[in-house]
Amino acid sequence: MSYKHIITSVPRTGVLQIQLNRPKALNALKTDLITELLEAVKKADEDIEKFGAIVITGGERAFAAGADIKEMQNLSSESATKAKFLANWAEFAKFNIPLIAAVEGFALGGGCELAMCCDIIYASNNALFGQPEIKLGVIPGGGGTQRLIRAIGKSRAMELNLTGKTFTAIEAEKWGLISKTFEPGTVLEEALKLASKIADGPRIATRACKNAINVSNETFLSTGLDFERAAFHSLFGNSEQKEGMTAFVEKRKPKFSSKL
């Protein structure tokens, strides 16, 4: 399907690549772009036989330099509330398919929030993150005050949100916000390798595992343990479980099929 603000491709079997495509605006996240992004992810999420993972990327200069300020500049509290501005960002948490962010350059404001909406973040070692909304007289509205604290702790998240200062990918890796850093120009390829490895695995179990981790991250330990156990029980009897355990007993590599 053709989009205006994103480019979709299938660079590897089972992997959908989505590139944010507003280079002149450093991929500023206007409403239309987010709508297209959510639509593309939703279609892949619903096609478990075709897709096992998604990589979201930007350009060399910016993953996404923030939300589109021109779109927000003249909003009033009433109009923002009435339009439920940014409410559709909550949809990212509902997808079952693993999302991997491949970050080069700036990931500021909404760009940092979008990366944090993904399940795994890979970044170039010169990428720059931050939540600078406070400098505009507002606060993050896409999860910056909520997801950052869960990843790096209250004190550091408070400092970054209240000052709006940026932080490097090297710092983000040290703090646990991102998984790995790589040399500039190599991040996308590394993210695709990871996505391909995930997509080659058991897709029902992979999605169940993602959801169990997110429940624990977003609720209480007891709730997460109950969810994990229920998800664990639900996987017995399907073709993936049978193949995985049979292969183990037979001392061979399992052959998971996308045909479910």
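The figures here come from the full heavy-atom set of this structure, side chains too, leaving out hydrogens, waters and symmetry mates. Position 1 is the first residue of the sequence, and the numbers go up from there.
Salt bridge Asp45/Lys94: absent, no basic N to carboxylate O contact under 4.0 Å. Using a 4.0 Å cut-off between a side-chain N of Lys or Arg and a carboxylate O of Asp or Glu, Lys42 and Glu39 do not qualify as a salt bridge. Using a cutoff of 4.0 Å between basic side-chain nitrogens and carboxylate oxygens, Glu36 and Lys30 are not scored as salt-bridged. Contact check on Glu159 versus Lys165 returns a salt bridge, with a Lys/Arg side-chain nitrogen under 4.0 Å from an Asp/Glu carboxylate oxygen.
When atom types are taken as modelled, the side chain of Arg203 and the backbone of Glu49 share a donor-acceptor pair closer than 3.5 angstrom. Remark: the backbone N or O of Ile120 is not paired with any side-chain donor or acceptor of Ser179 at under 3.5 angstrom. No donor-acceptor distance shorter than 3.5 angstrom exists from the side chain of Glu133 to the backbone of Val138, with no hydrogens or angles considered.
Interatomic distance, Cys112 SG to Leu177 CG, rounded to the nearest 0.5 Å: 6.0 Å. Atom CG in Asn96 sits 11.5 Å away from atom OG1 in Thr206 (nearest 0.5 Å). Interatomic distance, Lys4 NZ to Thr35 OG1, rounded to the nearest 0.5 Å: 12.5 Å.
Taking Ser76 as the reference, Glu78, Ser79 meet the side chain to side chain contact (heavy atoms under 4.5 Å, CB included) condition, with sequence neighbours excluded.
Considering only heavy atoms from C-beta on, Ile100 comes within 4.5 Å of Ile198 through its side chain. In this structure the side chain of Tyr3 never reaches within 4.5 angstrom of the side chain of Leu33, judged on heavy atoms. Using a 4.5 Å cut-off on side-chain heavy atoms (C-beta onward), Glu104 and Pro184 make contact. The shortest distance between side-chain heavy atoms of Leu99 and Cys117 does not fall below 4.5 Å. Side-chain contact check for Arg12 versus Gln17: every heavy-atom pair is 4.5 Å or farther apart. In this structure the side chain of Gln131 never reaches within 4.5 angstrom of the side chain of Leu160, judged on heavy atoms. By the 4.5 Å heavy-atom criterion applied to side chains, Asn27 and Phe106 are not counted as neighbours.
Across all non-hydrogen atoms, the minimal contact from Asp119 to Ile97 is OD2-O, 3.9 Å.
Evaluated for a salt bridge (Lys or Arg N to Asp or Glu O under 4.0 Å) with Glu243, the options Lys253, Arg252, Lys255 yield exactly one hit, Arg252.
Hydrophobic clustering (ILVMFWY, side-chain heavy atoms < 4.5 Å, transitive): Leu192 and Val103 are in distinct clusters.
Within 6.0 Å of the CD atom in Glu60, the count of heavy atoms belonging to other residues, nucleotides or ligands does not exceed 12.
Ring-plane geometry between Phe167 and Phe129 is classed as parallel, the angle between the planes falling under 30 degrees on a 0 to 90 degree scale with a further cut at 60.
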